[in-house]
Amino acid sequence: MDAIQTHTLIIGCGIAGATAALRLSENRNHDITIITRAHDAADSNSGRAQGGIVTRGLDDSPEMLVDDILRAGAGLSSPRAARLLAGEGPDLVRSVLVEQVGVCFDTTVPGELEFALEGAHSTRRVVHVGDRTGAAITDAMLRALAERPNIRLLSGHTAVDLITFPHHALDPLAIYEAPACHGAYVLQRETGEILRVLAGETILASGGIGQIYRNTSNPPGARGDGLAMAGRAGARILNMEYIQFHPTTLSVRGAPNLLISEALRGEGAVLLTPEGQPIMQRHDSRWGDLAPRDVVARAIHREMLEGGLEHVWLDISQRHSADFIRDRFPQIVENCTRYGVDPTCEPIPVVPAAHYACGGVLVDDWGRSSITGLYAVGEVSCTGLHGANRLASTSLLEGLVWGDRAARHISCNLGDPIDDARVPGWVARSTQWPDPGLLEGDMTTIRNLMWHYVGLVRNGDRLQRAQRELRHLWHEIEEFYRTTHLNDQLIGLRNAVQVARMVTWAALRNRHSRGTHYRADDPALQAGGQP
């Protein structure tokens, strides 16, 4: 069987995709299929989130949260999206995460949630489960999904391309119809078979793009698969120049860039030079170590360049007892200790790393893209909420809110999948398997190009060079894609180079610095003004 028919196909299984699936499954006659390329469905950006999820603090209001989002977004966040999030988000944290799936957030005393403070927030409003909030949420949601008989979860399945009409239509008269999505071609990784998953509605919830950079906090699957597929289908994509670099990831030779949560700075951790001098007061006298992420990341980058440093230091050991640090940040302590660093008694070596794409597939208030039948939720989407720089711990909440909104819209507009006789099966182009070493070499080239030329600090010359080299690489990879047998690695490489070109083109086109997009050759900076 090379075709699966389902009412709704969801590509991705983080908080956004899982929320949509849970809401849709309330209608027992609604059939939902979720696919994830990971063999472990919990392996997602959502699962790696440490700090927490925004809700409403004790001395808080929707208006205060909106103000903080707009301020962090550097003037590019949508006020409408911010109001939607602030109005609906806290109730969904309670009704879905706490009551429906049973996430046990940390409390000060039984029944009283413990609220953390993070950068650019004006009050404590972030709830958490130690420093593994994302994992706790993901685990609870996956357990709830497993209990729903009308949800089919297929792990180890990689989406190859969206099925769109008129592009894939067998009927030549379909060229007169508006573009519409009818599911996706999907690689079953274990067998190598390409399936047609035909759906009345398709939700992209495929996560981020961090793996196109040399240093990233993202999991291996964050290659921009959903963005690339949507781009090839003709969906409108926006704000791709705004890539948020998390200021603090572990910097130990031989270790991955493990995330060191912003919540440490919320609890008083300080960024230091090798001589033990505080860094952030010199770069942002108002917020200091709690400045927005783009400010902190660039400050660290500048300190490293000027001092010839491999990293700077983040020290919480001077502010709290070892018992407090172990209790509040058990995962960070465990991860650091594994690589020879003990945060309870010494500073942590940290470096910025690609963390979050503020742009993506442009969607409306209900998660609808510009293509009929295609929704996008979570990091793959651009709701306008994050603008030029995301406020800490709003990403999980955005996935929760728009995952719920997309599902509610679909529930009111139920559609059946089209007949498989109207869609061509996948035709294998070759029996030749790709060389893994060649694929990894091309991926390494992409990551280095993006890190050095389209990273924290950009200019026209670097961006033009990246654009030229990526264009050439894209042609080579496309030819390879069309003349060899498909596997997950090749699909990911093809998507990565396309998304890298999107980011580079957007960064080259926008000469003005704003938020996470910093152009050293910005005319305003050259004239001595502010970006």
Side-chain angles (χ1 to χ4, degrees), residues 12 36-40 43-45 48 155-161 185-192 194 206-229 231-232 243 245 249-259 339 351-355 357 428-455 465-504:
T36 173
R37 65 161 296 281
H39 291 295
D40 178 1
D43 185 15
S44 64
N45 272 359
R48 294 193 176 199
S155 58
H157 284 65
T158 300
V160 180
D161 253 330
Y185 290 107
V186 176
L187 169 69
Q188 188 177 31
R189 294 177 62 184
E190 185 175 332
T191 65
I194 306 290
S206 51
I209 67 172
Q211 285 295 332
I212 69 172
Y213 284 93
R214 187 181 73 183
N215 296 330
T216 181
S217 62
N218 288 187
R223 314 169 299 196
D225 288 2
L227 265 172
M229 290 189 298
R232 288 192 292 270
I243 306 299
F245 290 80
T249 66
L250 183 65
S251 179
V252 175
R253 290 189 179 182
N257 291 113
L258 299 172
L259 187 65
Y339 294 102
V351 66
H355 185 59
R429 299 179 178 91
S430 172
T431 58
Q432 176 186 351
W433 287 92
D435 180 349
L438 181 59
L439 299 184
E440 184 56 36
D442 283 348
M443 194 70 186
T444 298
T445 298
I446 294 168
R447 288 169 173 151
N448 284 328
L449 280 170
M450 295 302 291
W451 184 256
H452 291 294
Y453 300 147
V454 200
R465 179 168 179 181
Q467 187 177 54
R468 288 193 302 270
E469 297 194 22
L470 287 168
R471 183 189 301 121
H472 171 74
L473 196 56
W474 176 80
H475 282 292
E476 295 294 320
I477 291 169
E478 280 294 309
E479 180 65 22
F480 203 42
Y481 170 81
R482 297 182 189 285
T483 56
T484 58
H485 201 82
L486 289 190
N487 64 9
D488 175 75
Q489 189 182 12
L490 177 54
I491 293 167
L493 177 64
R494 183 195 188 208
N495 292 331
V497 73
Q498 181 175 342
V499 171
R501 293 186 71 196
M502 289 180 186
V503 175
T504 303

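If you're wondering where the values come from, they're calculated on a predicted model, not measured in any experiment.
A distance of 4.5 Å separates OG1 of Thr484 from CG of Leu490, quoted to the nearest 0.5 Å. Between Glu478 atom CD and Leu473 atom CG the span is 11.0 Å, to the nearest 0.5 Å. Between the CG atom in Leu449 and the CZ atom in Arg465 there is a gap of 8.0 Å [rounded to 0.5 Å]. Distance check: Asp435 CG to Gln489 CD gives 9.0 Å after rounding to the nearest 0.5 Å. The structure places CG of Leu439 at 5.0 Å from CZ of Phe480, a figure rounded to the nearest 0.5 Å. Considering OG1 of Thr504 and CG of Leu470, their distance stands at 5.0 Å, rounded to 0.5 Å.
Heavy-atom minimum distance, Asn495 versus Ala228: OD1-CB, 3.3 Å. When all heavy atoms of Ala354 and Gly210 are compared, the pair lying nearest together is CB-O, 4.2 Å. The heavy-atom pair separating Gly254 from Tyr339 by the smallest distance is O-CE2, 4.4 Å. Annotation for Val351 and Ser251: closest pair CG1-CB, 3.8 Å, computed over non-hydrogen atoms. When all heavy atoms of Gly226 and Ser206 are compared, the closest pair comes out as CA-OG, 3.1 Å. The two residues Gly224 and Val499 make their nearest non-hydrogen contact at O-CG2, 3.4 Å.
Side-chain atoms of Asp442 and Val497, non-hydrogen and from C-beta on, never get closer than 4.5 Å to each other. Contact annotation: the side chain of Leu486 approaches that of Val160 to within less than 4.5 Å [non-hydrogen atoms, C-beta and beyond]. Looking at heavy atoms from C-beta onward, Ile209 lies in side-chain contact with Ile243 at the 4.5 angstrom threshold. Side-chain contact between Arg447 and Thr216 is absent, with no heavy atoms from C-beta onward closer than 4.5 Å.
Between the side chains of Asp488 and Thr158, a donor-acceptor pair is found at a separation under 3.5 Å. With hydrogens and angles left out, the side-chain atoms of Arg214 and Asn257 include no donor and acceptor closer than 3.5 Å.
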Handout entry: Full working for side-chain contact (heavy atoms from CB on, under 4.5 Å) between Arg48 and Asp43
Key = CA-CA 8 Å; Arg48 294 193 176 199; Asp43 185 15; 4.1 Å; yes

Exercise for the section: Evaluate the side-chain contact (heavy atoms from CB on, under 4.5 Å) criterion for residues Ile212 and Val454: first the C-alpha distance (whole Å), next the side-chain angles of each, then the deciding distance (0.1 Å), finally the verdict. Expected result: CA-CA 10 Å; Ile212 69 172; Val454 200; over 6 Å; no

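The aromatic rings of Tyr213 and Trp451 sit perpendicular, their planes meeting at an angle over 60°, well past the 30° parallel limit.
For Arg37 and Asp225, the salt-bridge test fails: no basic side-chain N is under 4.0 Å from an acidic carboxylate O.
With hydrogens and angles disregarded, a donor-acceptor distance shorter than 3.5 Å links the side chain of His157 to the backbone of Ser155. The closest donor-acceptor contact from the side chain of Gln211 to the backbone of Gly221 lies at 3.5 Å or more, if one exists at all.
A cation-pi arrangement is found for Arg494 relative to Tyr481, the charged atom lying closer than 6.0 Å to the ring centre and inside a 45° cone about the ring normal.
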